[in-house]
Structure formats: structure tokens, C-alpha cells
Amino acid sequence: MEFTHQKEFTRLLLAWHRKENRREMPWKGIRDPYRIWLAEIILQQTRVEQGREYYERFVEAYPTLADLAAAREEEVFRLWQGLGYYNRCRNLLHTARELMKSHGGRFPRNYKELLSLKGIGPYTAAAIASFAFDLPHAVVDGNVLRVLSRYFALNMPIDTQAGKKYYTRLANELIPPEEPAIFNQAIMDLGATICKPQAPLCRQCPLASLCKAFQLGKQEQFPVKLTRRTVRERYFHYLVCWFGDHTIIQKREGKDIWRGLYEFPMIEKERLAGTELLQEDTAWKNLMPDGSWQLKGIVERQQQLTHQLISARFFYVETDREPRVLSPQILVHCKQLHQYAFPGIIVKYLRSGQQPLLL
DNA sequence: AAGACGGGGTG
DNA sequence: CACCCAGTCTT
């Protein structure tokens, strides 16, 4: 690959990093592979500011890999609650245990083996390899794709297999083998603070004079993308059943959203439904087989996910008779609710005070 | 190659 | 509201 001002890219980037980059983060500059890995998993598709607190809490709760590996899954999920992409959490714990069991409690010191671990893809493997072990692997995240596509005004779409390969190869040509960690850190910081997705600060950019997109006045035209996405609408009906100060919850299983989190017994319909319709549902009948239940209120909420719009109705019902709880449902005291991780829409419902028992 | 997977910030 | 974030896994 040959592009104009290729050498200058790295030189200007590193000069900026040393003189002007003031971005501070708790994990910046550390060499402990465990903490680097932890930070990188937390930061996958997550803004630094959003992930920062979670990182602090995880390091506090689990200072070492062994501590994390020994933790209970419920507890780890509770700590992860609210961060999203919960498979990251499942894989985090899985890999921690895998490393303790089969790798002597240490991270492998090469890219390929890192890549084979669950939850570690090309980005994270390169991040650990470079930051912890000074290996010359370029990270390629959203920042890097944006910075490179703009600086060289590249029309190769970033959201294809070919594009990914193309930008990875380019980044690996630009990275100086003697200081890969510095380069990786610098290019991501530049992308996050100056070469931002919208309204980039080209006036402050140390690379602007050589940036092809800037010269063309087309900064916002890059990076090029191919795919568009559609939003699916879904309608959830939660049965919030109270027996005194106990209620029924269950863990979400299967391949759907929020796997591993807890929720109230739920009925999904094609559209928002009322009690007349829901009473016909098996889930409702199993839970409330007789007339001992009293409907106290209905609350409606929405949650916008990236690819789905969830509309939810919470049916708040009470009973005097001890309910029949069949596995996997469990009966929990209201004061135990905080031990479980719930989707945001349920957390907000519980905190809203529109039903009497709070988290 | 295309979808699925969260929650929150930004313009 | 659309877009995007220190991406990865499944189908």
C-alpha cells in the first residue's frame, strides 16, 4: 500500500500525542494484561466516560484475574448491570476461569492465542498485545477507521470484510514497531477528541494540513459505509406479581436480547395488549390460575435499543394466597431484588415509584 | 456477508 | 431523530 504523506502521518500523530494529548484514563499506560483486558472488554462499543466507573468498580471488586475467576456469576452480572451487551460479561467470566484453569492464570503473550479466547476479537487481541506486551499489532476500532479513512480520503467502506482487512493492513504499515503502544493510544485519542464522528475539530488537528478529506472539505463524508439498518418494534407485557413483599422473577435465556438478566414473567405480543387478551396466554394462566389476584395498575414505558424499540406494559397485581412458582421462576423478597441484574427498562420502572416497592 | 446484541451521548 | 461508541459472535 502506498499513499501520499504516509510517513508524515505517524510522525505528526506521535508529535501531537507527546505535546498536546491531555486525555486521561485510569487504564492508560498500565502494563497489567488483566486490567488492560478488563478495560478493553468494558470499552467495546462503549464510550470511555460510560465505561470508566464500571472499570473502577470491577478493579475494586476483583483486583486480580484470580479474584474475578472465583466470583459468582450473579455478582458479576450485577456489577455489569446497565452497561449493555451482556454477552461481554458472560465471556469475561468464562475467559477468566479458562485462563486460571488452562493457562496457569496468565494471559498468552501473542496475538493469535489472545484471539482464540472468548470475547477477544481482532481489536482486543491487538490492544492487549501492544499495551501489555509491546507487540507490533495495530488496533482497528471506530476511531482508527475514521482517522485513516479521512486522512487518506479512502472510499473503501469500513463495514465490510474487505474494508476491515484493508484498514487493518494500512494501520499495521503505519505503526512504528519500536513503540506500538504509543501509536495505538495516540490514534484512538486523536479520533476520540479531535477527529470526532460529527463536527470534527479540524482547526485544532495537527494533521489537518496533510489530511486529504480536509483538503477536499469532505471530512463528514468519511468514513464510507455500506449497510443501513432497520429497527424492529416489540411489545413486552410484564406481570409484576406481589405476594406481600415477595415477587416473582426469572432469568432470560435463549438467544434474545438481555440474556442472563432477570425480568418479571413476560408475555410478548405482536402489539400492545390489554388484560382481556393476556388472560388467554398460558403464562398468565400458569401464574394466576384463579381469581385471587387483583390488578392494581398498569404502567407503560419504552426503551430504544440500537436495533429494537421495546414498548412495555407493567401489570401490577397482588394476591393474598401464596403463588405457585414453577422453575425457572423464583420468588424473591423485595429487598433481594438489588442482587439481580435487570434490563434498564425494568430498573427504571422499579425506581419510578409507580409501584410501592423499590430497589 | 449479514444480523444480533444495550445503553447513553451528541448535533 | 440519526448516528456512533477502545467490537464480537452467530447464522
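The analysis underlying the following values was restricted to heavy atoms, covering all of them including side chains, and did not include hydrogens, waters or symmetry mates. Just so it is clear: chains get the letters A, B, ... in the order the sequence lines come, proteins before strands, and each one is counted from 1.
Counted within 6.0 Å of CZ on A:Arg57, heavy atoms from surrounding residues, nucleotides or ligands total more than 12; the atom is thus considered enclosed. Annotation: A:Lys165, atom NZ; neighbour count of heavy atoms from other residues, nucleotides and ligands within 6.0 Å does not exceed 12. No more than 12 heavy atoms of other residues, nucleotides or ligands sit less than 6.0 Å from atom CZ of A:Arg169.
Annotation: A:Trp37 is in aromatic contact with A:Phe107 [ring centroid separation under 6.0 Å].
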Show the numbers, then the answer: is there a salt bridge (Lys or Arg N to Asp or Glu O under 4.0 Å) between A:Asp281 and A:Lys269? CA-CA 10 Å; A:Asp281 196 281; A:Lys269 291 285 185 192; 3.6 Å; yes
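For the pair A:Lys251 and A:Glu263, the salt-bridge criterion is not met [side-chain N within less than 4.0 Å of a carboxylate O].
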Per-nt protein contacts along nucleotides 6-11 of chain C (heavy atom under 4.0 Å; B base, S backbone sugar-phosphate only, - none) come out as BBSS-S
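In terms of the side chain to side chain donor-acceptor pair (under 3.5 Å) criterion, A:Tyr55 has no residue partners (sequence neighbours excluded).
Interface remark: the A:Gln50 side chain does not form any donor-acceptor pair with the B:dG8 base, using a distance-only criterion of under 3.5 Å.
In this structure, A:Phe264 and A:Ile248 approach most closely via the heavy-atom pair CD2-O, 3.5 Å.
Both A:Gly344 and A:Gln198 lie close to DNA chain B; mapped to their nearest nucleotides by heavy-atom distance, the more 5′-ward contact belongs to A:Gly344. Between A:Pro343 and A:Lys196, it is A:Pro343 whose nearest contact on DNA chain B lies nearer the 5' terminus.
Contacts between residues 167-184 of chain A and DNA chain C, defined by a heavy-atom separation below 4.0 Å, involve no residue at all.
Taking atom P in both B:dG8 and C:dC9, the straight-line distance is 24 Å, to the nearest Å. Using atom C1' as the reference point in both C:dA6 and B:dG3, the two lie 22 Å apart (nearest Å).
Below 30°, between 30° and 60°, or above 60°: for A:Phe3 and A:Phe152 the angle between ring planes is between 30° and 60°, a tilted geometry.
At whole-Å resolution of the value, NZ in A:Lys348 and P in B:dG7 are 7 Å apart. For A:Tyr54 and C:dC5, the OH to C1' distance is 15 Å, given to the nearest whole Å. Distance, A:Lys165 NZ to B:dA1 P: 10 Å, rounded to whole Å. Rounded to an integer number of Å, the gap from CD1 of A:Ile42 to P of B:dG6 is 16 Å.
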